[in-house]
Amino acid sequence: HGPVAPQEIARVQASSGVFLMTTFAGYEGFPTVIVESLAAGMPVVSTEGADPAGLVQDGRNGLLVNPGDLDGLTGALAALLTNPALRDVFRAAGRRTVETRYSFATRMQRLARLYDELLAVNPVPS
């Protein structure tokens with residue numbers, strides 16, 4: 001699709017059967033677009049290295065292929081595009097991944113633990 005305006009992202013995601021993220025340049029930064037796609041219930045195909053956060057768990061909530069493996073990439077896409085049941089499994093698992101790792105409550109719990117750890121090392125003077 002190329003660049004998509006923020007207000008159009010949900011529409012584009014809803015009209016897409018699969019989200020594909022590839023990279024040949026090495027490792028990417030944090031893959032926000034993968035989080036958004038999983039949260040939107042999109043099955044994801046990604047190359048190793050495009051997902052340094054390990055969001056896509058091969059065969060559990062998406063499919064991973066090696067960079068440059070065109071046969072693997074086309075096979076992964078074909079597997080998802082021809083298998084609605086597999087897409088449904090990945091949709092549900094992807095949403096669970098985001099809900100358990102990146103929900104607001106989970107992030108706030110992590111932040112609170114971090115503050116607790118920092119305050120234990122450097123207590124606030126009375």
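The model shown is predicted, which means the values in this text are computed figures rather than measured ones.
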Enumerate donor-acceptor pairs with a distance under 3.5 Å from any side-chain N or O in residues 105-119 to protein atoms, sequence neighbours excluded.
from	atom 1	to	atom 2	distance (Å)
Thr106	OG1	Thr100	O	3.3
Thr106	OG1	Ser103	OG	2.9
Arg107	NE	Tyr102	O	3.1
Arg110	NH1	Arg101	O	2.9
Arg110	NH2	Arg101	O	2.9

Common cluster, Val33/Val98, ILVMFWY with side-chain heavy-atom separation under 4.5 Å
yes
Restricting to pairs with a member in residues 29-38, which pass side chain to side chain donor-acceptor pair (under 3.5 Å), not counting sequence neighbours?
none
Sequence neighbours excluded, which residues qualify as side chain to side chain contact (heavy atoms under 4.5 Å, CB included) partners of Asp88?
Arg91
A side-chain contact here means heavy atoms from C-beta on lying under 4.5 Å apart; do Leu55 and Pro31 qualify?
yes
Are Val44 and Phe90 packed together at the side-chain level, in the sense that at least one heavy-atom pair is separated by less than 4.5 angstrom?
no
Any side-chain heavy-atom pair from Ser46 and Ile34 closer than 4.5 angstrom?
yes
Tell me, please, which residues at least two apart from Thr97 pass side-chain hydrogen bond (donor to acceptor under 3.5 Å, both in side chains).
Asn61
Could you check whether any side-chain heavy atom of Leu20 comes within less than 4.5 Å of a side-chain heavy atom of Leu73, counting everything from C-beta outward?
yes
Could you see if Val45 belongs to whatever hydrophobic cluster contains Val35? Use Ile, Leu, Val, Met, Phe, Trp, Tyr and a side-chain cutoff under 4.5 Å.
no
Given side-chain contact (heavy atoms from CB on, under 4.5 Å), test Thr47 with Asn66 step by step and report yes or no.
CA-CA 5 Å; Thr47 52; Asn66 292 320; over 6 Å; no
When you group the ILVMFWY residues by side-chain heavy-atom contacts below 4.5 Å and let the links chain together, are Phe19 and Leu77 in the same group?
no
Do Leu64 and Leu38 sit in the same hydrophobic cluster, where Ile, Leu, Val, Met, Phe, Trp and Tyr count as joined when their side-chain heavy atoms come under 4.5 Å apart?
yes
N/O donor-acceptor pair under 3.5 Å between Asp69 side chain and Gly72 backbone:
yes
Connected via hydrophobic side-chain network under 4.5 Å: Met42 and Phe30
yes
Does Arg87 have any side-chain hydrogen bond (donor to acceptor under 3.5 Å, both in side chains) partners at least two apart in sequence or in another chain, and if so, which?
none
Only pairs at least two apart or in different chains count here, so list each side chain to side chain donor-acceptor pair (under 3.5 Å) that has a residue in residues 3-14.
Glu8-Arg11
Where is the tightest heavy-atom contact between Pro43 and Gly17, given as atom of each residue plus distance?
CD-O, 3.4 Å
